[in-house]
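A quick write-up on the structure given underneath.
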Amino acid sequence: MKSIKNILITGGAGFIGSALIRSLVINSEYKVVNIDKLTYSGSLESLKSIENRKNYIFEKLDICDSINLQRVINDSKPDLVIHLAAESHVDRSIDEPIDFIQTNVIGTFNVLEGVRIYYQSLKGLKKDNFRFLHVSTDEVYGDLKNTNNFFSEETRYDPSSPYSASKASSDHLVRAWHRTYNLPVLITNCSNNYGPYQFPEKLIPHMILTAITLKPLPVYGDGKQIRDWLYVDDHVSALMIVALQGKIGETYNIGGNNEIKNIEVVQQICSILDELLPINNSEISSYSELITYVEDRPGHDVRYAIDSSKINKSLGWKPNENFESGIRKTIMWYLKNHAWLKSIQNDNYKLVRLGKSK
Ligand SMILES: NC(=O)c1ccc[n+]([C@@H]2O[C@H](COP(=O)([O-])OP(=O)(O)OC[C@H]3O[C@@H](n4cnc5c(N)ncnc54)[C@H](O)[C@@H]3O)[C@@H](O)[C@H]2O)c1
């Protein structure tokens, strides 16, 4: 879209935001401004490869700081805002929900108000072409239990955790700002992402990094919880298609068509590690012997599964990776990128519990 020149991204130092920014800054001429508070899960190390590019600016900022947020929005003159900043870890939301309400609800309110004031000051084509994309999760829909159903864009919201309830609240605010103030918004609800640069407390990096130190691999409950996994670069391509071509006011579900039980994810990681990094000199012969089952977490949803036919049919998006190809790439990346890991672990790194599913 020629009319889009300046893109403002919140939460761009996180897992998905940094993948989005690396792709935009390297592959396009958009001028990208990244607002991030750099909480424990945000790291500028993930953006090292593009930090000196002319079309990239970083602003360390909390989205709850409405005065400075307004200044950065006005100064960066965005044609497109992509809002990813959030507290994102379900287990942390159970232990300390306050940060989730603060950032995901109040923070999103601040972003919406800042963007609304800016949008209302625009004129002509700059105003006509302006877009706001809110990045959300399939967890707002709750639990499909052991059914054959899928989440569609019409599925009723029924969140189970403080994280998903805070994201559901933010989605409602975004829709209300569209209906009440005509803010030109789009919403995406995506399934579990995985890939390089994911913070090591999440299920896949946690299992890879624990396995290679030959420590027990803790799996919640019976491990039969089903998630739909999407490689992060496929999420990035979906976000840009929705941002540039989606219909204003609409919601798009994004999924990978990779419904897999958590235990199977862990088994697959173990079998790829057996091949790439065979165990020598140990009492065990396969990483899968490290799997142990631990007490399930409260409110743990059994099954999420996304119907992504709307984005596929209306915008032509589909994922490039299947789980087999994506998980192999991811494991190889973690095996090669110890420097990134070390910097993350030195930086306020704190594991709350082990064996996460998201
Ligand atoms: N990871 C997934 O599987 C997944 C799936 C669907 C949707 N999402 C959504 O995508 C978005 C990004 O997820 P992620 O996995 O990259 O999360 P992440 O935790 O890796 O990154 C979040 C980023 O937001 C920043 N941040 C947090 N609070 C902030 C604040 N108050 N002000 C400014 N910045 C702040 C953090 O520093 C971090 O860089 C979230 O909104 C999440 O709900 C994630």
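Quick caveat: nothing in here was measured; it's all calculated off a predicted structure. Only this structure's heavy atoms are used, side chains among them; waters, hydrogens and symmetry mates stay out. FYI, the numbering just counts along the sequence from 1.
Between the side chain of Arg131 and the main chain of Gly246, a donor-acceptor pair closer than 3.5 Å is present. Looking at Asp143, its side chain does come within 3.5 Å of a backbone N or O of Arg303 through a donor-acceptor pair. Checking side-chain atoms of Ser237 against main-chain N and O of Asp234 turns up a donor-acceptor pair under 3.5 Å. Distance alone, capped at 3.5 Å, places no donor-acceptor pair between the Ser308 side chain and the Ile254 backbone. The backbone N or O of Gly256 sits less than 3.5 Å from a side-chain atom of Asn258, completing a donor-acceptor pair. Of the possible donor and acceptor atoms, one in the side chain of Asp36 sits under 3.5 Å from a partner among the backbone N and O of Leu38. Formation of a donor-acceptor pair under 3.5 Å by the Ser164 side chain with backbone atoms of Ser160 is found in this model. Side chain of Ser325 to main chain of Glu321: no donor-acceptor pair is present (N/O by atom type, distance under 3.5 Å, no hydrogens or angles). Although no hydrogens or angles enter the test, the distance criterion places no donor-acceptor pair under 3.5 Å between the side chain of Asn110 and the main chain of Leu69. Within the 3.5 Å criterion, the main-chain N or O of Lys77 finds a donor-acceptor partner in the side chain of Asn6.
Atoms OH and OH, on Tyr304 and Tyr141 in that order, are 13.0 Å from each other to the nearest 0.5 Å. In this structure, the separation between OG on Ser18 and CD on Glu45 is 11.5 Å, given to the nearest 0.5 Å. Rounding to the nearest 0.5 Å places CD of Gln268 at 7.0 Å from CD1 of Ile327. One finds the OG1 atom of Thr330 at 10.0 Å from the CH2 atom of Trp229 (value rounded to the nearest 0.5 Å). Taken from OG1 in Thr251 to CD1 in Ile187, the straight-line distance is 4.5 Å, to the nearest 0.5 Å.
No donor-acceptor contact under 3.5 angstrom links the side chains of Gln267 and Ser271, judged on distance only. Using a 3.5 Å distance cut-off with no hydrogens or angles, the side chains of Asn104 and Asp99 do not pair a donor with an acceptor. With no hydrogens or angles considered, a side-chain donor-acceptor pair links Ser88 and Lys202 at under 3.5 Å. With hydrogens and angles left out, the side-chain atoms of Arg22 and Ser46 include no donor and acceptor closer than 3.5 Å. In the model, Arg92 has no side-chain atom that pairs as donor or acceptor with a side-chain atom of Tyr163 under 3.5 Å.
Checked against the 6.0 Å centroid criterion, the rings of His178 and Phe132 do not qualify as a close aromatic pair. The aromatic ring centres of Phe199 and Phe15 sit 6.0 Å or more apart. The aromatic ring centroids of Tyr220 and His300 lie less than 6.0 Å from each other.
Residue Tyr181 is grouped with residue Val111 when hydrophobic side chains (ILVMFWY) are merged at heavy-atom distances under 4.5 angstrom, including chains of intermediate members. Cluster membership check: Val266 shares its hydrophobic cluster with Phe323, using side-chain heavy-atom separations under 4.5 Å among Ile, Leu, Val, Met, Phe, Trp and Tyr. Residues Ile63 and Leu80 are members of separate hydrophobic clusters, defined by side-chain heavy-atom contacts under 4.5 angstrom among Ile, Leu, Val, Met, Phe, Trp and Tyr. Linking ILVMFWY residues whenever their side-chain heavy atoms come closer than 4.5 Å, directly or via other members, places Leu290 and Ile263 in the same cluster. Placement of Tyr252 and Val232 within a single hydrophobic cluster is found when ILVMFWY residues are connected by side-chain heavy-atom separations under 4.5 Å, directly or transitively.
In this structure the side chain of Tyr334 never reaches within 4.5 angstrom of the side chain of Tyr197, judged on heavy atoms.
When the shell of 6.0 Å around CG of Asn148 is examined, it contains 12 or fewer heavy atoms from other residues, nucleotides or ligands.
For residues 47-80, the set of pairs meeting the ring pair (Phe, Tyr, Trp, His ring centres under 6.0 Å) definition, not counting sequence neighbours, is empty.
The two residues Val115 and Ile73 come nearest to each other via the heavy atoms N-CD1, 3.8 Å.
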